[in-house]
Amino acid sequence: MKTIFEKSNGVDGINLTDENMDVSFLDSSLLRSEKIGLPQLGELDVMRHYKELSDRNFCIEKGFYPLGSCTMKYNPKVNEFLASLEDFGNLHPLADDADCQGALELMYKLQEALKTLTGMDAVTLQPSAGAHGELTGMMIIKKYFETKGDLRKKVIIPDSAHGTNPASAKMCGFDIVEIKSNDRGQVDIEALKSVLDKDVAAIMMTNPNTLGLFEENVLEISRLMHENGSLLYYDGANFNAIMGYTNPELMGFDVVHLNLHKTMATPHGGGGPGAGPVCVTEALKEFLPAPFVDFDGQKYFRNYNIKHSIGSVKAFYGNFGVLVKAYAYILMMGKNLKNASENAVLNANYLKEKLKKYYDLPYDEVCMHEFVLSGEKQKHENGVSTLNIAKALMDENTHPPTVYFPLIVHEAIMIEPTESETKEKMDEFADIMIKIAKEAEINPEKLISAPHSTPVKRVDETLAARHPDLKFQG
Ligand SMILES: *Cc1c(COP(=O)(O)O)cnc(C)c1O
């Protein structure tokens, strides 16, 4: 496909220059001496160009998107309509409380809904993503210990954790203590006990963890942590697996972030925007960022009166548009949120059982909303790596799953179908994965050189990351 500059044919689509415009009042140094070189095409050609470009995008509207841990579920379009309502969209962030009661009410009710779902006592809607929520949560934990005069330096993190966990804790000045998972992919209690001392501020856990497995010993872990005076941080990226069945409070957590852009069906990918609210227990409420949205029985207001607040973590009040979409989703689903989790788990187990005969399954257990295969067999027997399998999936109009994460699985292929896909779609995907496994045996070369049908074929991933070439060279 040609760039719009190459397509330029000198046709005036729209003329921006007015020959007769008097620009004498401008300083001559500000005036252009030559043409800027914008492409020139008729309106219809411009439209077709951008339509063709947009057709090349892969999105959930176009095909299956089983990106493990990222939860690429269907985002109801009515949410977009609601978020773009004029009274929401045109609201000024500096409006007085009295002039934005509706928006504040929505935020307050979303906070209440998240409290119900997580079992926590207070919420900030400010953080704009999961990682931002982690940072906020770790700042709260740090301030909690500082206020008690009990300076603790260490945070324990299992080796299956998402990379943002150690990064967030480190940014807050904590030292990271990594503990190994046991042979069933769970936090190893003995390993935990061996590192637990009075310098440990917290543990960061994801439950179900990034292998899609529920941490069976979570109650024992929270007992050990609390007995040691330490806190528990819940990475809620996988909250979509447990909604309505259990919650972080029942498991003994003190601080929780939720990724509304994963669990609550708001669009993501391509860098956001997202929302990563942080929910805390009563004991940590006085450390929340200011302001949070409060209600005095008559009116909604922004409450800045937070005794040991860590301060603000975001300009204004969070990504409001995302909050509207998430609240709409929660209201629309109601009690069916529980069914969403149930179906996400059912779909994942169904696919896992269909695929485990063809790919290694290092942790062969009943999974939650996702599972992790390994491409080891294909790599060693056929020279076809997980990367090759991912590229081959692109030829089948399927977004590749998350690969090479979690780090504790070699050649990891992390699959999350979500609840919004049908059995037929799952069967279709399984057939494609099985076809690729067979292809690896008889025609590995085809996979090694995949993708064959995409506009851009194999890219040099290192070069693309280190020296991105983003400019048209003319
Ligand atoms: C997505 C994810 C995060 C980070 O969330 P963002 O919203 O992308 O910042 C953290 N932990 C886990 C397990 C995740 O899947």
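Whatever order the structure lists ligands and atoms in, that order sets their numbers, starting from 1.
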> May I ask you to test the Phe371-Leu373 pair for a side-chain heavy-atom distance under 4.5 Å?
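They are in contact (side-chain heavy atoms under 4.5 Å apart), so the answer is yes.
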> Quick one: nearest non-hydrogen protein atom to atom 11 (N) of ligand 1, plus distance?
Asp235 OD2, 2.6 Å
> Enumerate the atoms of ligand 1 whose separation from the nearest heavy atom of Ser69 is less than 4.0 angstrom.
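That gives atoms 13 (C), 14 (C), 15 (O) of ligand 1.
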> Return a yes/no value for Thr210: is any of its N or O atoms, backbone included, closer than 3.5 angstrom to an N or O of ligand 1?
no
> So which protein heavy atom does atom 5 (O) of ligand 1 come closest to, and at what separation?
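So the nearest neighbour among protein heavy atoms is Asn259 ND2, 3.0 Å.
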> Report the C-alpha distance between His268 and Lys262 in whole Å, list the side-chain angles of each, state the deciding distance to 0.1 Å, and finish with yes or no for side chain to side chain contact (heavy atoms under 4.5 Å, CB included).
CA-CA 8 Å; His268 59 126; Lys262 294 179 181 174; 3.9 Å; yes
> State the atoms of ligand 1, each with its element, that fall below the 4.0 Å cut-off from a heavy-atom position in Ala237.
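Selected atoms, number and element: 2 (C), 11 (N), 12 (C), 13 (C), 14 (C), 15 (O).
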> Which atoms of ligand 1 sit under 4.0 Å from any heavy atom of Ala131?
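Checking each atom against Ala131, I get 4 (C), 5 (O), 6 (P), 9 (O).
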> Once the angle between the rings of His399 and Tyr65 is folded into 0 to 90°, is it parallel (under 30°), tilted (30 to 60°) or perpendicular (over 60°)?
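Answer is parallel, since the angle falls under 30°.
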> Please work out, at 4.0 Å between heavy atoms, whether the side chain, the backbone, both, or neither of Glu134 comes within that distance of ligand 1.
side chain
> Check this for me - ligand 1, Gly130, N or O atoms closer than 3.5 angstrom, yes or no?
yes
> Start with the C-alpha distance between His162 and Phe405, add both sets of side-chain angles, then the distance that settles ring pair (Phe, Tyr, Trp, His ring centres under 6.0 Å), and finish with yes or no.
CA-CA 8 Å; His162 195 264; Phe405 175 74; 5.4 Å; yes
> With respect to atom 3 (C) of ligand 1, which of Lys262, His257, Glu416, His132 exhibits the smallest heavy-atom separation?
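Checking each option, the heavy atom nearest atom 3 (C) of ligand 1 is found in Lys262.
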> For Glu61, does the CD atom sit with more than 12 other heavy atoms under 6.0 Å from it, leaving out its own atoms?
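For Glu61, atom CD is crowded (more than 12 foreign heavy atoms under 6.0 Å).
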> What part of His261, side chain from CB on, backbone N/CA/C/O, both or neither, has a heavy atom under 4.0 Å from ligand 1?
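The side chain, only.
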> Rounded to the nearest 0.5 Å, what's the gap from OH on Tyr245 to CG on Leu250? Could you check?
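The OH atom of Tyr245 sits 15.0 Å away from the CG atom of Leu250.
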> Considering the heavy atoms of Ala129, write down every atom of ligand 1 situated less than 4.0 Å from one of them.
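Answer for ligand 1: 7 (O), 9 (O).
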> With salt bridge (Lys or Arg N to Asp or Glu O under 4.0 Å) as the criterion, how do Lys193 and Glu227 come out once you've worked through the C-alpha distance, each side chain's angles and the decisive distance to 0.1 Å?
CA-CA 12 Å; Lys193 281 184 187 160; Glu227 271 176 17; over 6 Å; no
> Does the side chain to side chain donor-acceptor pair (under 3.5 Å) test come out yes or no for Ser385 and Glu411, once each step is laid out?
CA-CA 7 Å; Ser385 67; Glu411 299 293 311; 4.7 Å; no
